[in-house]
Amino acid sequence: ECNGHQWQLVVYPGGHLAAREDFVSVYLNPCSPGIATVTFVTNFMNKFGQKVFRRPDAQPFDAISGTLYGITNFARRSHVLDPSKNMLDDNGT
C-alpha cells in the first residue's frame with residue numbers, strides 16, 4: 001500500500017507483449033478502484049541491495065485500476081541471470 005492505494009508489481013522474466021525475447025518486463029499495476037496520479041522509478045537491485053539498473057523518472061500520470069504501467073524492455077535477461085552480477089540470491093530469486 002502507498003498513499004492509501006493498493007499496488008502490485010508485475011514481472012515477466014521472459015518479456016511481455018512487444019518485448020524482445022531476451023528482456024525482462026516490469027510493470028506497476030494499480031489495484032485500488034479509481035484513479036491515482038503517480039510518478040514512479042523502477043530500479044533493479046542486486047542481492048546486496050545495490051542499484052544495478054535504474055530507469056529514468058517517469059512523468060506524473062493518472063493510473064487507472066487494472067491497467068499495467070511500466071517498461072517492456074527493462075533489463076536483459078542474460079544480465080539478470082549472470083551469477084557474476086549478483087542479481088539473484090542463492091535460491092535464484
Side-chain angles (χ1 to χ4, degrees):
E1 181 176 321
C2 183
N3 292 329
H5 295 275
Q6 296 291 322
W7 303 90
Q8 178 184 40
L9 179 65
V10 182
V11 179
Y12 292 93
H16 180 61
L17 299 175
R20 297 195 322 231
E21 281 183 12
D22 57 338
F23 275 78
V24 175
S25 299
V26 179
Y27 300 95
L28 187 62
N29 179 26
C31 299
S32 297
I35 298 174
T37 301
V38 298
T39 301
F40 71 96
V41 175
T42 309
N43 293 309
F44 247 147
M45 300 174 81
N46 66 18
K47 66 183 181 180
F48 304 113
Q50 301 162 326
K51 289 180 189 174
V52 179
F53 296 116
R54 175 184 168 91
R55 288 300 197 175
D57 294 327
Q59 296 297 316
F61 63 93
D62 291 335
I64 301 169
S65 179
T67 303
L68 297 177
Y69 301 91
I71 303 163
T72 303
N73 295 312
F74 180 72
R76 287 195 181 278
R77 189 170 53 243
S78 60
H79 189 92
V80 174
L81 296 175
D82 182 345
S84 72
K85 305 292 184 192
N86 294 307
M87 296 294 294
L88 303 176
D89 64 17
D90 295 335
N91 295 323
T93 58

[X] [atom1] to [Y] [atom2] distance, which is reported to the nearest 0.5 Å:
| X | Y | atom1 | atom2 | result |
| --- | --- | --- | --- | --- |
| Asp22 | Leu81 | CG | CG | 11.0 Å |
| Glu1 | Gln6 | CD | CD | 5.0 Å |
| Thr67 | Asn29 | OG1 | CG | 7.5 Å |
| Tyr12 | Arg77 | OH | CZ | 14.5 Å |
| Ile71 | Ser25 | CD1 | OG | 9.5 Å |
| Leu28 | Leu68 | CG | CG | 9.0 Å |

Run the side chain to side chain contact (heavy atoms under 4.5 Å, CB included) test on Trp7 and Val38 for me, step by step, so that the C-alpha distance in whole Å, both residues' side-chain angles and the decisive distance to 0.1 Å come before the verdict. CA-CA 11 Å; Trp7 303 90; Val38 298; 3.4 Å; yes

For His5, what residues pass the ring pair (Phe, Tyr, Trp, His ring centres under 6.0 Å) criterion, not counting sequence neighbours?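 Partners of His5 by the ring pair (Phe, Tyr, Trp, His ring centres under 6.0 Å) criterion come out as none, since no residue qualifies.
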
Which heavy-atom pair separates [X] from [Y] by the least distance, and what is that distance?
| X | Y | answer |
| --- | --- | --- |
| Asn43 | Phe74 | C-CZ, 4.2 Å |
| Asp62 | Thr37 | OD1-OG1, 2.7 Å |
| Ala63 | Pro30 | CB-CG, 3.8 Å |
| Ser32 | Ser65 | O-CB, 3.0 Å |

With sequence neighbours excluded, residues passing side chain to side chain contact (heavy atoms under 4.5 Å, CB included) with Ala75: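 Once residues adjacent in sequence are excluded, the partners of Ala75 under the side chain to side chain contact (heavy atoms under 4.5 Å, CB included) criterion are Phe44, Phe53, Val80.
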
Identify whether Val26 and Met45 are in the same connected component of the hydrophobic contact network (ILVMFWY, side-chain heavy atoms under 4.5 Å).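 Hydrophobic grouping puts Val26 apart from Met45.
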
Can you confirm whether Val52 sits close enough to Lys85 that some side-chain heavy atom of one is under 4.5 Å from a side-chain heavy atom of the other?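 Heavy-atom side-chain distance check fails, nothing below 4.5 Å.
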
Partner set under side chain to side chain donor-acceptor pair (under 3.5 Å) for Asp82, not counting sequence neighbours: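 Asp82 satisfies side chain to side chain donor-acceptor pair (under 3.5 Å) with Ser84 only.
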
Quick one: do Asp89 and Lys47 satisfy salt bridge (charged side-chain N to carboxylate O under 4.0 Å, His left out)? Show the steps, please. CA-CA 6 Å; Asp89 64 17; Lys47 66 183 181 180; over 6 Å; no

